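Input: a single structure, listed below in structure tokens.
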2 protein chains.
Amino acid sequence: MDEQDHPPAGYHHGNLRQALLAAARELLEERGPGALGLREIARRVGVSAPSAYHHFASLDAIAASLAEQGFTEFAEQLEAAPTNAGGMLAPTGEAYIAFARANPALYRLMFGEGLRGASRESKAVRALRQRAYEKVKAGLRKRLPADEVPAAALFLWSLTHGLALLMIDGQVDAGADASALIRQVLKLSGTGLPSAG
Amino acid sequence: MDEQDHPPAGYHHGNLRQALLAAARELLEERGPGALGLREIARRVGVSAPSAYHHFASLDAIAASLAEQGFTEFAEQLEAAPTNAGGMLAPTGEAYIAFARANPALYRLMFGEGLRGASRESKAVRALRQRAYEKVKAGLRKRLPADEVPAAALFLWSLTHGLALLMIDGQVDAGADASALIRQVLKLSGTGLPSAG
DNA sequence: ACTACAATCCTAACACTGTAAAGATAGTCT
DNA sequence: AGACTATCTTTACAGTGTTAGGATTGTAGT
């Protein structure tokens, strides 16, 4: 039975779980959150569908696991954003949107799409979202009176989240230089809009 | 065969199509976009599943129809926003978010969740989204140089869309007076944030 | 009014899905 | 070696969206 040459060693198959997650992630980005299917995942790994139940409690658990994995990478990339330590917010925003654009389906999954029932309320996923959010707040506390922080953080997160989703959905025709447009939009979070209020 | 007392008159059943749409919409808000099921819809109307195919080409077509219906109501409520004609943008933003909060699942459906394949690319739905967007742009043109309008419009839309989704997902604990927080956040679109750029 | 017709609805069936139960197969430990 | 446990498989069940073909009803034509 040499169905694969990866040598990761392990038990029977050559540690499944991760193979399932890898296949799931490929499928996710190939065909979107709604097309995540347990049988298709197993098919790609070359294994029978129910065998997945030795490693995951359900398809939702696989999706939740992907979401967690996504949040981990997300946090890494946000913290690695250039001059993040310097106190500038825009570079973090750009990294945020870069991640979403590089992993569109994963990003949508992380924010609830394709998760049916249980894992939509998943404590793990929700906690991870909140942790990312707390980082933004911490950055703002250095520069704003405490009572303005919540609204300011929500403002920044809404703007970035919304822009990311609109771009992912192909709803904004960014043309050739998307990053220029992104920078332009994010910069408005500093200056504001004339007579918008 | 008196399975219902609604007298809407019509053909055989007493115009299905709309009954299906009504049931679909109830189901949608009750159990979310992912739980939209043709068989369940038919069940609620008291009719056999395949009969829906005389009125809709597929389940996706039902979902797309709901989305269209949603956009229509959406546009109405946005235009009815107080002092919209006066040129203020914030009231429109509040109406935007009010709609999303009143019809959370429908709002998500309108922006792509739960639509598999075809209708995600649906021209009708996409056109409706664009039309709503053009209205925002038109409002901005009166107050900004032309070359700043696209970024400004995208800025406003991203902020509002993102805030709406975060609130819908229960990701922001708005507490008792959500509208106060909403107003506070939207107001920041006018003033901007110190040293955010 | 009676007939032809077209629209509407139904039952039966297909290919698919997620999941449960029970049996085969390999690796591990004493 | 033998017992045991973890892993994977076949089989089966209830559910889904969708298609094909037959029954039923309302509409139009003469």
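Here the structure is a predicted model, which is why all the values come from computation and not from measurement. In what follows, chains are A, B, ... by sequence order, proteins preceding strands, each numbered from 1.
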Quiz prompt | Short N-O contact, R44(B) and E40(B), less than 4.0 angstrom | solution = yes

Quiz item: Any side-chain N or O of H55(B) less than 4.0 Å from the OP1 or OP2 oxygen of dC9(C)?
Solution: yes

Quiz prompt | Rounded distance in Å - CZ (F56(A)) to P (dA20(C)) | solution = 16 Å

Exercise. Measure from CG on L16(B) to C1' on dT25(D) and round the result to the nearest Å.
Key: 15 Å

Quiz item: Do other residues, nucleotides or ligands put more than 12 heavy atoms under 6.0 Å from R131(A) CZ?
Solution: no

Self-check item: Student check: side-chain heavy atoms of E134(B) and Q130(B) closer than 4.5 Å
Solution: yes

Quiz item: Is the Y107(B) ring parallel, tilted or perpendicular to the F99(B) ring (thresholds 30°, 60°)?
Solution: perpendicular

Exercise. Decide yes or no for Q69(B) and L106(B): does some side-chain heavy atom of the first lie under 4.5 Å from some side-chain heavy atom of the second?
Key: no

Quiz item: Looking across every strand, which nucleic acid part, if any, lies under 4.0 Å from S51(B) by heavy atom: base, sugar-phosphate, or nothing?
Solution: sugar-phosphate

Quiz item: Taking C-beta and beyond as the side chain, do Y96(A) and Q77(A) meet within less than 4.5 Å on heavy atoms?
Solution: no

Quiz prompt | Summary of protein contacts for nucleotides 12-23 of chain D, nucleotide by nucleotide, where a base hit scores B, a sugar-phosphate-only hit scores S (4.0 Å, heavy atoms) | solution = B---BBBB----

